[in-house]
Protein chains: 2
Amino acid sequence: MDKKVRKIRENSFGLLLKKISLRIEKELERRLAKSGLSVKTFGIVMLLLEEEGLTQKELGTRTEVPGYSTTRVLDSLEKQGLIQRRPHPTSRRANLIYLTEKGQELRGQLPMMIQGVNDDFLAACNQDERKMLQGALAKILEQNPLD
Amino acid sequence: MDKKVRKIRENSFGLLLKKISLRIEKELERRLAKSGLSVKTFGIVMLLLEEEGLTQKELGTRTEVPGYSTTRVLDSLEKQGLIQRRPHPTSRRANLIYLTEKGQELRGQLPMMIQGVNDDFLAACNQDERKMLQGALAKILEQNPLD
DNA sequence: TTGCAATTGTTGCATTTGCGACTATTATTG
DNA sequence: CAATAATAGTCGCAAATGCAACAATTGCAA
């Protein structure tokens, strides 16, 4: 039993993050099931609840979802009647994405549910710890840009 | 532009974790490429460097990898000549997994590389912050057990 | 303006993934 | 001991994924 390797393994920041991240996703998936959304789709819906009329490119960039995946997620949401693609006023190759009325109805529950999952996982930490966590993680994120 | 939704989205603990986790994996994948390992396989190799002679079940449990995936990862590592399956002394349905000599050679670089990736991502934080982070995340993990 | 490069979005196709069924073996129960 | 349940590991197959090529359009430069 190699103690040195064990220490590296047990203290691995990346491993820790991955484990927690997967558990959050699993729990989120459970709670989203009722609304017909999934971990794949909810992120784009959340962004649309925040701001509509973005292009697919923009949606993909802001949610860090690759283009081909954005296309498919929107296909799926469109089929569910939650969003619609509208033509861009000046560019014929871009689409502007809007929530349908049915999509807008998610505003009543979805954001609160996301908040809820996060809070539940952070239950072990007090307010100060949470602030520190958020701060440190945000700092780490911005110091390690996407490629 | 819905400010309330925006706040929830931007402060989302789960989203933050996922983004960082994916970036770490991406960087790790790059560095692992040279050694013929991948994010899929390195975790089990790391565990074997720490302790050999575990069953596939045990390997899967400790790395949180499902059984069918463990089988496939070991198939792959076996084909690369890095591990070997040996019969369990008392149970004919279990295998005990050992590193080959070639597998053992990874001890010289792999743990250090993992350490390196973690350190690089934590570069933005000083020692105190790192301690706090590790502590808080470990607490969160244990308070939210796997299913 | 014409030709070339870049952008937006979509899709075909091969690879990867995960569920569930399956084999073989071992443990348990009556 | 026989019958049944539980366990370790594997595998087929459908679905999900990612790459790379593609069509359509727009921007840019000579």
Side-chain angles (χ1 to χ4, degrees), chain A residues 18 21-23 25-30 32-33 36-44 47-48 52-80 83-98 146-147, chain B residues 18 21-23 25-30 32-33 36-44 47-48 52-80 83-98 146-147:
Chain A
K18 184 176 181 180
S21 185
L22 286 179
R23 289 180 198 192
E25 282 207 344
K26 215 164 182 179
E27 177 57 29
L28 189 56
E29 189 80 69
R30 263 193 288 273
L32 285 170
L37 294 176
S38 70
V39 281
K40 277 268 122 51
T41 57
F42 91 95
I44 282 182
L47 179 49
L48 286 170
E52 292 189 86
L54 301 173
T55 64
Q56 298 193 190
K57 188 69 171 49
E58 191 64 22
L59 285 173
T61 303
R62 295 211 206 168
T63 55
E64 293 187 15
V65 169
Y68 64 84
S69 184
T70 305
T71 295
R72 286 165 180 161
V73 167
L74 290 177
D75 286 349
S76 163
L77 290 172
E78 198 170 35
K79 207 169 300 176
Q80 290 182 79
I83 64 107
Q84 62 179 14
R85 292 169 158 103
R86 297 187 199 161
H88 188 290
T90 66
S91 169
R92 272 192 304 174
R93 73 190 156 182
N95 298 325
L96 298 186
I97 312 300
Y98 290 84
L146 202 54
D147 293 87
Chain B
K18 184 176 183 179
S21 184
L22 286 180
R23 289 180 198 193
E25 282 207 344
K26 217 165 181 178
E27 177 57 27
L28 189 55
E29 189 81 68
R30 263 192 289 270
L32 285 170
L37 294 176
S38 70
V39 282
K40 277 269 122 50
T41 59
F42 91 96
I44 282 182
L47 179 48
L48 286 171
E52 292 189 84
L54 301 173
T55 64
Q56 296 193 195
K57 187 71 169 46
E58 191 66 21
L59 285 173
T61 303
R62 296 211 207 165
T63 54
E64 294 187 14
V65 170
Y68 65 84
S69 183
T70 306
T71 293
R72 286 166 180 162
V73 167
L74 291 176
D75 285 350
S76 163
L77 290 172
E78 200 170 34
K79 207 168 299 176
Q80 290 183 81
I83 65 108
Q84 62 180 12
R85 292 169 158 105
R86 298 186 199 163
H88 188 289
T90 66
S91 170
R92 275 193 301 174
R93 72 191 156 182
N95 299 324
L96 297 187
I97 312 299
Y98 290 84
L146 200 56
D147 293 84

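Small disclaimer: the values here were computed from a predicted structure and weren't measured. Protein chains get the first letters and strands the later ones, always in sequence-line order, with residue 1 at the start of each.
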**Request:** Could you pick out which residue, B:Arg92 or B:Lys40, lies toward the 5' side of DNA chain C when each is mapped onto its nearest nucleotide?
**Result:**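 With B:Arg92 and B:Lys40 compared, the 5'-side residue is B:Lys40.
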**Asked** Is B:Glu29 paired with B:Lys26 through a side-chain N to carboxylate O contact shorter than 4.0 Å?
**Response**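 Answer for the salt bridge query: no.
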Less than 4.0 angstrom between a side-chain N/O of [X] and OP1 or OP2 of [N], yes or no?
X: B:Arg85; N: D:dA8; answer: no
X: A:Gln56; N: C:dT7; answer: no
X: B:Tyr68; N: C:dG18; answer: yes

Using a heavy-atom cut-off of 4.0 Å across all strands, would you classify [X] as base, sugar-phosphate, or nothing?
X: A:Thr71; result: base
X: B:Asn95; result: sugar-phosphate
X: B:Ser69; result: nothing

Could you tell me how far apart [X] ([atom1]) and [N] ([atom2]) are, to the nearest whole angstrom?
X: A:Asp75; N: C:dT8; atom1: CG; atom2: P; result: 18 Å
X: B:Leu74; N: D:dT10; atom1: CG; atom2: C1'; result: 12 Å
X: A:Ile44; N: C:dG9; atom1: CD1; atom2: P; result: 11 Å

**Request:** Would you kindly check whether a donor in the side chain of A:Arg93 faces an acceptor in the base of C:dT7, or vice versa, at under 3.5 angstrom?
**Result:**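 Such a pair is found, so the answer is yes.
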**Prompt:** So does B:Arg72 reach the base of D:dG12 with its side chain, donor to acceptor, closer than 3.5 Å?
**Reply:**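 By the distance-only test, yes, there is a pair.
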**Request:** Could you go through the side-chain contact (heavy atoms from CB on, under 4.5 Å) check for B:Arg85 and B:Asp75 one step at a time?
**Result:** CA-CA 9 Å; B:Arg85 292 169 158 105; B:Asp75 285 350; 3.0 Å; yes
